[in-house]
Structures are given as C-alpha cells and as structure tokens.
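Reviewing the structure listed below.
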Amino acid sequence: MENINGISVNGQVISKESIVWLEGDLNYTRIHQCDQPAKLSSYTLKTYEQQLNGFIRVRKNAIVNPVYIEKMHATADRPRRLLVILTNGDQIEVARRRQPFARRQLRGYQQLKKA
C-alpha cells in the first residue's frame, strides 16, 4: 500500500508532494492533486493519515498538505470560523475542536520551512 516516494492508489503511485489534500467520503477517499483530477480510493482517510506524516488533519473528513496552504484566517462575520485557503483555491473550514492543533502544526511547519 505504501511506497517510499508516495502512496499507491489503484495500482498507480502518487507522490506525496503532489497531494494537495485528501477528502474522506464514508469508506472512500478523494485524493486532490495539483493540476490533475481527483482520484477516488477505496481506503479510508485514517489509512492515509497514518501514512502521510506531516499532513494536517483539519476536520473529520479532510487532511491537508501544509506545503499547499496559502493562509489560514478567521472570517470577519464569524470570528470562530477558521478557514484554510489552499494554493489551488480550495477553502476548507477547520473544525472548531481541531483549530488549536492545526494552528500549532502549521506554526511548526512554517518554522521548519524558514530554517
């Protein structure tokens, strides 16, 4: 199931660097990549969460690659609502209970990126 350079989906290897985010859909996972259509996998999101170290679980049905996070911000009309804006334009709302964890992980990632 796991390859050193990526993950295997339906016999095809997808590099971890090309994955923008993963979306859980019951017992399936949609894998969104840069400049390619989403691929559907019959594995659960939890399976991929264990394989993709460094990715951030922002809600029950979404895991994002921090490389593709453009910014995180709260909306003016709902200050407790935190959105993750990805470089491909997708916006994912961070679950209220996951917000502190997501902020810490992103802060840590940004510090590593600067070093």
Side-chain angles (χ1 to χ4, degrees):
M1 168 96 189
E2 184 178 6
N3 187 307
I4 295 172
N5 299 326
I7 56 174
S8 177
V9 177
N10 302 327
Q12 185 180 24
V13 177
I14 298 174
S15 77
K16 294 178 183 181
E17 292 81 26
S18 72
I19 298 172
V20 178
W21 69 290
L22 296 98
E23 176 182 19
D25 187 10
L26 298 175
N27 287 330
Y28 296 92
T29 300
R30 274 195 186 78
I31 302 168
H32 299 269
Q33 301 177 58
C34 32
D35 302 328
Q36 291 188 13
K39 292 193 178 356
L40 188 65
S41 170
S42 60
Y43 290 98
T44 63
L45 199 59
K46 183 177 181 179
T47 303
Y48 291 116
E49 182 181 24
Q50 294 168 353
Q51 293 180 9
L52 298 169
N53 295 332
F55 281 50
I56 301 171
R57 184 97 182 225
V58 293
R59 59 183 310 104
K60 184 178 180 182
N61 66 347
I63 299 174
V64 298
N65 186 345
V67 172
Y68 293 100
I69 295 177
E70 193 170 292
K71 63 182 175 178
M72 286 175 80
H73 71 87
T75 58
D77 58 333
R78 293 174 54 197
R80 289 190 174 185
R81 182 179 179 203
L82 183 65
L83 290 176
V84 171
I85 312 296
L86 301 173
T87 55
N88 67 355
D90 291 343
Q91 296 183 7
I92 304 169
E93 185 175 351
V94 180
R96 184 175 39 96
R97 291 183 178 174
R98 294 186 190 264
Q99 287 180 9
F101 177 72
R103 286 178 200 233
R104 272 195 313 271
Q105 268 195 310
L106 186 60
R107 214 175 295 127
Y109 173 76
Q110 289 173 339
Q111 288 173 354
L112 283 175
K113 196 168 144 181
K114 289 178 183 176

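Counting from 1, the numbers follow the sequence of the chain as shown. On a predicted model such as this, the values are computed, not experimentally measured, just so you know.
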Original post:
With Glu93, which residues qualify under salt bridge (charged side-chain N to carboxylate O under 4.0 Å, His left out), at least two apart?
Top reply: Arg81
Subject >> Taking every non-hydrogen atom, the tightest pair across Val94 and Ala102 >> reply: CG1-CB, 4.1 Å
Subject >> Partners passing side chain to side chain contact (heavy atoms under 4.5 Å, CB included) against Ala95 (at least two apart in sequence or in another chain) >> reply: Arg59, Arg98
Subject >> Residue pair Lys16 / Asn65: nearest heavy atoms and the distance that separates them >> reply: O-ND2, 3.5 Å
Subject >> Partner set under side-chain hydrogen bond (donor to acceptor under 3.5 Å, both in side chains) for Asp77, not counting sequence neighbours >> reply: Thr75
Subject >> 4.5 Å side-chain heavy-atom contact, Ile69 and Leu106 >> reply: yes
Subject >> Side chains of Met72 and Leu82 in contact at under 4.5 Å (non-hydrogen atoms) >> reply: yes
Subject >> Partner residues of Gln91 under the side chain to side chain contact (heavy atoms under 4.5 Å, CB included) criterion, sequence neighbours left out >> reply: Leu83, Ile85
Original post:
Rounded to the nearest 0.5 Å, what separation is found between the CG atom of Asn10 and the OG atom of Ser41?
Top reply: 6.0 Å
Subject >> Separation of Ile92 CD1 from Ile56 CD1 (nearest 0.5 Å) >> reply: 10.5 Å
**OP:** Return the minimal non-hydrogen interatomic distance between Tyr48 and Ser8, and the atom names on each side.
**Re:** OH-O, 4.1 Å
Enumerate donor-acceptor pairs with a distance under 3.5 Å from any side-chain N or O in residues 28-36 to protein atoms, sequence neighbours excluded.
{"residue": "Thr29", "atom": "OG1", "partner": "Tyr43", "partner atom": "O", "Å": "2.7"}
{"residue": "Thr29", "atom": "OG1", "partner": "Leu45", "partner atom": "N", "Å": "3.2"}
{"residue": "Arg30", "atom": "NH1", "partner": "Asp25", "partner atom": "OD2", "Å": "3.0"}
{"residue": "His32", "atom": "NE2", "partner": "Glu23", "partner atom": "OE1", "Å": "3.0"}
{"residue": "Gln33", "atom": "OE1", "partner": "Ser18", "partner atom": "OG", "Å": "3.4"}

**OP:** Output every pair passing ring-ring contact (aromatic ring centres under 6.0 Å, His included) with a member in residues 67-107, not counting sequence neighbours, ordered by first then second residue.
**Re:** none
**OP:** To the nearest 0.5 Å, tell me how far Arg57 CZ sits from Leu22 CG.
**Re:** 9.5 Å
